[in-house]
Amino acid sequence: MEDKIRTLLKGYGLSITESRLGVLQFFYSNNGAMTHADIEKQAGNKMDRVTIYRTLQTFEEKGIIHSIPSADNMVRYALCKEQCTAGHHHDNHVHFLCNTCGKTSCLDHVLVPKVKLPKGFLPSESNMVVRGTCNLCRA
Ligand SMILES: [Zn+2]
Ligand SMILES: [Zn+2]
Ligand SMILES: [Zn+2]
């Protein structure tokens with residue numbers, strides 16, 4: 001696990017720090033999106049807020065994680081798939097927020113539908129969050 005994360009960080013040209021290793025480890029062990037607060041809780045007193053904030057920012061810039069906006073104003077983060085690169089995200093998939101367990105999942109194979117915009121509008125990104133009951137909670 002740790003070796004995989006070290007290789008990944010090196011691949012993105014990032015130096016290896018305790019906090020980067022730690023935060024990435026949380027993402028790999030928790031398969032779902034996480035808020036800043038979730039990470040803070042998992043980190044306990046090993047990392048402070050600012051460190052976590054900076055780490056998330058760096059990861060997002062590098063194309064390692066993407067942010068998921070939500071109606072409750074809690075930004076969540078999830079791991080990107082391989083095709084994301086620094087400054088260029090391709091996470092145009094739908095996100096699913098479960099009302100029962102509260103988990104946000106990346107629906108990697110469900111793409112955000114293209115919306116027809118009025119003349120003169122140029123979109124740069126669009127997001128879609130669907131709420132409901134996830135497959136695990138329905139089982
Ligand atoms: Zn991405
Ligand atoms: Zn659920
Ligand atoms: Zn996603």
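Counting from 1, the numbers follow the sequence of the chain as shown. Order of listing sets the numbers, starting from 1, for every ligand and every atom in it. When reading the values below, keep in mind they use all heavy atoms of this one structure, side chains included, and skip hydrogens, waters and symmetry mates.
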For the residue pair Phe96 and Lys103, establish whether any side-chain heavy-atom pair is separated by less than 4.5 Å.
-> no
What protein N/O/S atoms are found closer than 2.8 Å to the Zn ion (ligand 2)?
-> Cys98 SG, Cys101 SG, Cys134 SG, Cys137 SG
Cluster check [X], [Y]: I/L/V/M/F/W/Y, side chain < 4.5 angstrom:
X	Y	result
Val129	Leu107	no
Ile5	Met34	yes
Ile65	Ile68	no

Residues that Thr35 engages under side chain to side chain donor-acceptor pair (under 3.5 Å), provided they are two or more places apart = Asp38
Would Tyr77 and Phe27 count as a side chain to side chain contact (heavy atoms under 4.5 Å, CB included) if you check the C-alpha gap in whole Å, the side-chain angles of each, and the deciding distance to 0.1 Å?
-> CA-CA 9 Å; Tyr77 295 91; Phe27 276 106; 3.6 Å; yes
His95: which of His66, Arg131, Arg76 passes side chain to side chain donor-acceptor pair (under 3.5 Å) | His66
Partners meeting side chain to side chain contact (heavy atoms under 4.5 Å, CB included) with Ser15 (sequence neighbours left out) = Thr17, Arg20
2.8 Å cut-off (strict), protein N, O or S atoms about the Zn ion (ligand 1) = 4
How wide is the angle at the Zn ion (ligand 3) between NE2 of His95 and NE2 of His93, to the nearest 10°?
-> 100°
Does Glu18 CD have over 12 foreign heavy atoms under 6.0 Å away?
-> no
Using a cut-off of 6.0 Å, state whether more than 12 heavy atoms not belonging to Met47 lie near its atom CE.
-> yes
